[in-house]
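Report on the structure given below.
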There are 2 protein chains.
Amino acid sequence: MPTTTPRANPLFLSDAELRKAMELLFFAYRDFTAEPDSILARYDFGRAHHRVIYFVGADAGMSVSDLLAILKITKQSLSRVLGQLLREGFIEQQTDTQDRRRRLLFLTPKGQELETLLTDKQTSLIAKAYRDSGAEAVAGFATVLRGIISDVDQKRFVESE
Amino acid sequence: MPTTTPRANPLFLSDAELRKAMELLFFAYRDFTAEPDSILARYDFGRAHHRVIYFVGADAGMSVSDLLAILKITKQSLSRVLGQLLREGFIEQQTDTQDRRRRLLFLTPKGQELETLLTDKQTSLIAKAYRDSGAEAVAGFATVLRGIISDVDQKRFVESE
DNA sequence: AAAATACGTCAGCATTGTTGACATATATGC
DNA sequence: GCATATATGTCAACAATGCTGACGTATTTT
């Protein structure tokens, strides 16, 4: 009686089921970023610019090192895109009055406008998927994604619950 | 009576809830690819090599154009990584006997070994998240991701159900 | 006063995507 | 059988976005 155990995955999780999950993530992430990517191209911006605009929009007044901790890229990499966004007037900096070494980041009205344009594309895609799936599926979606996210990054979500 | 409607999202989906979904996707995808990325670095390979190895592993004997259709990159981009994988003996080609223009792709034993190494890291992460979440959550996870995936790419999944 | 922190910058390099131009082998349509 | 379409490959240049390493300045902490 062959008990198909191709790889080391207990608890009824077949290899095919796990591969399907991986592919779902791959295609979903790809399609999720496709629309913003094409909008950004019109500004000569890329996905890296989008991330900066998104997170600064989500947490106005964050410092450069806060942003570095979220993005997990080097300051040299960030500097390139952040510099462009500053020079082109999408983001502005303000010295923290508490600690004058820190530069707090804010979207300008122009930056806010682009943020809204980009985020609206993505939120409407998510909203459509949510509406088509129902509340229960939405809860499951979040639960599983949280399970995939490392403990370190988990912390970013616990407070917002 | 202010009925908070910050953006255009009906059906009780708050802006905060939708932004959280976007962030979950961002962090999950990042953490999901982190382990393979660090393994690949040891081979002087990148994420592009991983994708090729993964999809050829999932569908042995696929043609170059099949792969191009999945990855949605140009043949010049693919050629670079595919060429490396061929030269270094991770993948081998075989002329299709039906249509001798087509080159069918297969993993070599060496390629299969790397595929297993990489995929096992990712499947165990998914498996852990699945086990911690329960069957119902897993179903919801797949439902929502499918809702995010474009109709074009959906087709890749319908047959496997 | 010395050390640590926050931020910035210059320089070079790798990966992975792009466009455009061509070339070859094979299959298909008429 | 010839013209055309298809599948694949290749050369060259360029752009976005990561990286490392080396410095420099301002400010805070010890």
Side-chain angles (χ1 to χ4, degrees), chain A residues 26 29-30 33-34 36-56 61-88 91-106, chain B residues 26 29-30 33-34 36-56 61-88 91-106:
Chain A
F26 170 71
Y29 196 78
R30 217 245 311 264
T33 50
D37 284 356
S38 85
I39 293 170
L40 288 156
R42 299 204 294 264
Y43 291 77
D44 273 307
F45 287 160
R47 207 175 286 179
H49 300 83
H50 186 185
R51 290 182 188 133
V52 170
I53 286 176
Y54 175 84
F55 284 109
V56 171
M62 77 196 315
S63 72
V64 173
S65 33
D66 291 340
L67 189 51
L68 282 173
I70 289 176
L71 298 177
K72 281 188 192 153
I73 58 175
T74 59
K75 64 176 175 175
Q76 295 94 321
S77 295
L78 174 58
S79 156
R80 201 161 27 200
V81 297
L82 186 55
Q84 287 173 53
L85 292 168
L86 288 164
R87 280 193 301 278
E88 299 183 27
I91 282 188
E92 59 188 5
Q93 285 183 324
Q94 206 175 296
T95 299
D96 183 4
T97 50
Q98 309 300 303
D99 183 341
R100 294 174 41 74
R101 292 172 303 181
R102 293 159 55 92
R103 300 295 130 85
L104 308 184
L105 303 172
F106 299 88
Chain B
F26 171 70
Y29 195 76
R30 218 243 312 265
T33 51
D37 284 355
S38 86
I39 294 170
L40 288 156
R42 300 205 293 266
Y43 292 78
D44 272 311
F45 287 159
R47 204 173 290 177
H49 300 84
H50 186 186
R51 289 181 189 134
V52 170
I53 286 174
Y54 174 84
F55 283 110
V56 172
M62 77 195 313
S63 71
V64 173
S65 35
D66 290 340
L67 189 51
L68 282 172
I70 288 175
L71 299 176
K72 279 186 192 156
I73 58 176
T74 59
K75 63 174 176 176
Q76 294 94 323
S77 296
L78 174 58
S79 156
R80 204 163 23 204
V81 297
L82 186 54
Q84 288 174 54
L85 292 169
L86 288 164
R87 281 192 300 278
E88 299 184 27
I91 283 188
E92 58 187 4
Q93 286 183 324
Q94 207 175 295
T95 300
D96 183 3
T97 50
Q98 307 301 303
D99 183 341
R100 296 175 40 77
R101 293 170 303 180
R102 291 159 59 95
R103 300 296 130 87
L104 308 185
L105 304 172
F106 299 88

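Excluded from the calculations below are hydrogen atoms, water molecules and symmetry mates; all remaining heavy atoms, backbone and side chain alike, are included. No experiment lies behind these values; they were computed from the predicted model shown.
Across all strands shown, Gln84(B) has no heavy atoms under 4.0 Å from either base or sugar-phosphate atoms. Here Ser77(A) lies in heavy-atom contact (under 4.0 Å) with a base. Among the protein residues, Arg47(B) comes within range of the sugar-phosphate backbone only, with heavy atoms under 4.0 Å from sugar or phosphate atoms but none that close to a base. Within 4.0 Å (heavy atoms only), His50(A) reaches no atom of the nucleic acid at all.
Both Thr97(A) and Gln76(A) sit near DNA chain D, but only Gln76(A) has its closest nucleotide nearer the 5' end. Take the nearest nucleotide of DNA chain D for Lys75(B) and for Asp99(A): the residue whose nucleotide is more 5' is Lys75(B).
Of the listed nucleotides (dA6(C), dA27(C), dG8(C)), dA27(C) has the atom at the smallest distance from the side chain of Arg100(B). Here the side chain of Asp44(B) is nearest to one of dG8(C), dT15(C), dA27(C), namely dT15(C). Checking dT17(D), dT27(D), dT10(D) against every side-chain atom of Val81(A), the shortest atom distance belongs to dT17(D).
Side-chain to base pairing of Arg101(B) with dT6(D): one donor and one acceptor N or O lie within less than 3.5 Å of each other. Put simply, the side chain of Arg80(B) and the base of dG17(C) share a donor and an acceptor less than 3.5 Å apart.
We find that CZ of Phe45(A) is positioned 16 Å from P of dA15(D), with the value rounded to whole Å. Between Leu82(B) atom CG and dT16(C) atom C1' the separation is 15 Å, expressed in whole Å. Following rounding to the nearest Å, Leu78(B) (CG) and dC11(D) (P) show an atom-to-atom distance of 15 Å. Counting to the nearest Å, the C1' atom of dT6(D) and the CZ atom of Arg102(B) are 11 Å from each other. Remark: P of dG8(C) and CD1 of Ile73(A) are 13 Å apart, rounded to the nearest angstrom.
Between Thr74(B) and the phosphate of dG17(C), there is no side-chain N or O to OP1/OP2 separation shorter than 4.0 Å. Applying the 4.0 Å criterion to OP1 and OP2 of dA16(D), one finds that His49(A) has every side-chain N and O outside that range. OP1 or OP2 of dA7(D) has not a single side-chain nitrogen or oxygen of Ser63(B) nearer than 4.0 Å. Taking side-chain N and O atoms only, Arg103(A) has no distance below 4.0 Å to OP1 or OP2 of dT25(D). For Ser79(B), no side-chain nitrogen or oxygen approaches OP1 or OP2 of dG9(D) to under 4.0 Å.
Put simply, the side chain of Leu105(B) reaches to within 4.5 Å of the side chain of Gln93(B), judged on heavy atoms. The shortest distance between side-chain heavy atoms of Leu104(A) and Gln98(A) does not fall below 4.5 Å. Residues Arg51(B) and Phe26(A) have side chains in contact (heavy-atom distance under 4.5 Å, counting atoms from C-beta outward).
The aromatic rings of Tyr54(B) and His50(B) sit perpendicular to each other, their planes meeting at more than 60°, with 30° as the lower class boundary.
Atom CG of Leu82(B) sits about 9.5 Å away from atom CZ of Arg87(B), to the nearest 0.5 Å.
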